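Throughout, a chain's letter reflects where its sequence line sits, starting with A, and its residues are numbered from 1. Please read these numbers as outputs of a predicted model, since none were measured by experiment.
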There are 2 protein chains.
Amino acid sequence: MPAKVSTTATRAALLAAAREEFAAYGVAGARVDRIAERAGVNKERIYGHFGSKEKLFDAVITEAIDDLTAQIALPGSDPVDYVAKLSAYYQAHPELVRLLMWEALNYRGQELLPGQEARVERCARKTASMSERPTEATARTVFLLTGLALFPAMMPQLARILLGEAAGDQEAMREHAAAFAAAALRDGLPGEGPSGG
Amino acid sequence: MPAKVSTTATRAALLAAAREEFAAYGVAGARVDRIAERAGVNKERIYGHFGSKEKLFDAVITEAIDDLTAQIALPGSDPVDYVAKLSAYYQAHPELVRLLMWEALNYRGQELLPGQEARVERCARKTASMSERPTEATARTVFLLTGLALFPAMMPQLARILLGEAAGDQEAMREHAAAFAAAALRDGLPGEGPSGG
DNA sequence: TTGACATCCAACTAGTTGGTTGGTGTAGCG
DNA sequence: CGCTACACCAACCAACTAGTTGGATGTCAA
């Protein structure tokens, strides 16, 4: 240990607390005091480690997305499995869904966060593996498949309206999403096969 | 007209300004001063008319959703057309998408807004018209179709990552979503036909 | 015109918020 | 052992926020 008590532990505690707080309240709604308290750390440490509330948010979402991409690969040869796995991941990590939404709401039209460019390349490579000739249509399909997995987790209140009590059965929703994807891809990717539009 | 200068006009201006403000910054990020200024009205009027910032938000989103449901019916006999029309509507009204997202983020697990129950009934009726025997599976399909239309508008930054420059072509995305829906429903609704899951 | 009433607003306030600062305690090092 | 460097924190602050108030203004009824 150098001349510090527990730098990395403090940082990690801050990140974990911030993830909860940001997921719950968003950037504007999050309170730095609350984050510090939850982490059992002084507020000033946030600024020492991250600089500002918004930079802390960037760190949080970057970490969360990295956690996801480390565990879920983009659709390779089995797009339906991709939808199923991704749905399950989002169901298991609702905070990530909320973080993604808040990020989408915040960075409108602006550039991506640094480090997302690396993700872009990884995506491109993976999308390529799904089809021999990776077309724009293939990428769009991947995008929609992701939506199939994400959407139920994003809009629970709409699910409630449309499904009523059945909205609670998230596993059924996941299976339905996978079945929907399977049906759509039955005769090949839209835009590629003879059925394409 | 009673002894008022322009009650309805003030109220409408407030609602319009609030819609922009809330769409842009969310409930926590929105500033009541900014709303009042944008409406060309005094801040106090917000409290006179609506009571609080959050109630104003409720009024805004209720109005926005009513605008939508007045123009777009749930899928009747033509689900693909539903996806196409809904996609177009969201593209034309990006503020509504953002409002829906912020609402989803705010009311987590809580009850729906008053007035949404009426919408529930309307939904149930419409869903029924899509299938002779409205099942839970049908409702889930309607939900996913809505997601197909909404998702591209919700996650432009993800589209950017997956599609690159092509993300800008929203009309192509809409067509692709409709084609995807058509492919999925080609042999009947998932959960109903022989292909069901 | 006058009274009654509702709309409207400038100025104010009480409470929070993100961010800072001055100082303490500990670990390495000569 | 004293010195330096860094992690750490209680207390603080300037700026800003949602919400309020007291009075000016305009409209209707008589």
Side-chain angles (χ1 to χ4, degrees), chain A residues 1-62 99 102-103 105-107 110 113, chain B residues 1-62 99 102-103 105-107 110 113:
Chain A
M1 287 283 178
K4 59 193 168 187
V5 178
S6 60
T7 319
T8 57
T10 298
R11 209 187 134 92
L14 238 19
L15 274 173
R19 192 191 284 214
E20 282 186 53
E21 178 76 8
F22 282 130
Y25 304 104
V27 184
R31 298 289 165 244
V32 288
D33 297 88
R34 219 155 32 188
I35 293 172
E37 189 186 11
R38 222 193 279 235
V41 161
N42 189 273
K43 180 170 58 158
E44 179 268 352
R45 280 295 82 204
I46 290 172
Y47 299 94
H49 280 295
F50 301 98
S52 75
K53 191 198 200 185
E54 301 202 346
K55 284 182 184 171
L56 174 60
F57 179 79
D58 287 353
V60 164
I61 196 158
T62 297
L99 288 173
W102 258 304
E103 194 219 13
L105 254 6
N106 270 342
Y107 295 83
Q110 297 167 30
L113 284 104
Chain B
M1 287 287 173
K4 59 193 168 189
V5 178
S6 61
T7 317
T8 58
T10 297
R11 210 186 133 91
L14 239 17
L15 274 173
R19 191 190 285 212
E20 282 186 53
E21 178 77 8
F22 282 129
Y25 304 103
V27 183
R31 299 289 165 243
V32 288
D33 298 88
R34 219 155 29 188
I35 293 172
E37 188 187 12
R38 222 193 279 233
V41 162
N42 188 274
K43 179 172 55 158
E44 179 268 354
R45 279 295 83 203
I46 289 172
Y47 299 94
H49 280 295
F50 301 97
S52 72
K53 192 198 198 184
E54 302 202 346
K55 285 183 183 168
L56 175 58
F57 180 78
D58 287 352
V60 164
I61 197 159
T62 297
L99 289 172
W102 258 303
E103 194 219 13
L105 254 7
N106 270 344
Y107 295 85
Q110 298 167 28
L113 284 106

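- Remark: P of C/dG18 and NZ of A/Lys53 are 4 Å apart, rounded to the nearest angstrom.
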*Taking it one step at a time, do B/Ile35 and B/Val41 satisfy side-chain contact (heavy atoms from CB on, under 4.5 Å)?*
CA-CA 9 Å; B/Ile35 293 172; B/Val41 162; over 6 Å; no
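- Among residues two or more places apart in sequence or in another chain, the salt bridge (Lys or Arg N to Asp or Glu O under 4.0 Å) test is passed with A/Arg34 by A/Glu21.
- Taking atom CG of residue B/Leu14 and atom C1' of nucleotide C/dC8, one finds them 12 Å apart after rounding to whole Å.
- Note: CD (A/Glu37) to C1' (C/dG18) measures 16 Å, nearest angstrom.
- Within the nucleic acid shown, A/Ala28 has no heavy atom closer than 4.0 Å to any nucleic acid atom.
- Between B/Tyr25 atom OH and B/Glu20 atom CD the span is 10.0 Å, to the nearest 0.5 Å.
- One interatomic measurement links the two molecules: CD of A/Glu54 to C1' of C/dT17, which rounds to 14 Å at whole-angstrom precision.
- The side chain to side chain contact (heavy atoms under 4.5 Å, CB included) test applied to A/Ala36 returns A/Lys43, A/Ile46, not counting sequence neighbours.
- With rounding to whole Å, A/His49 atom NE2 is found 11 Å from D/dC6 atom C1'.
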_Each nucleotide in nucleotides 9-16 of chain C should get exactly one letter: B, S or -. Can you fill that in based on protein heavy atoms under 4.0 Å?_
BB------
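- The residue from B/Leu15, B/Thr10, B/Leu56 that alone fulfils the side chain to side chain contact (heavy atoms under 4.5 Å, CB included) condition with B/His49 is B/Thr10.
- Remark: C1' of C/dG19 and CD1 of A/Ile46 are 10 Å apart, rounded to the nearest angstrom.
- Summarising the geometry, the separation between CD on A/Glu21 and C1' on C/dG18 is reported as 13 Å, rounded to the nearest angstrom.
- Tested against B/Glu103, the residues B/Val27, B/Asp58, B/Ile61 include a single side chain to side chain contact (heavy atoms under 4.5 Å, CB included) partner, B/Ile61.
- A/Ala36 comes within 4.0 angstrom of no nucleic acid atom, judged by non-hydrogen atoms across all strands.
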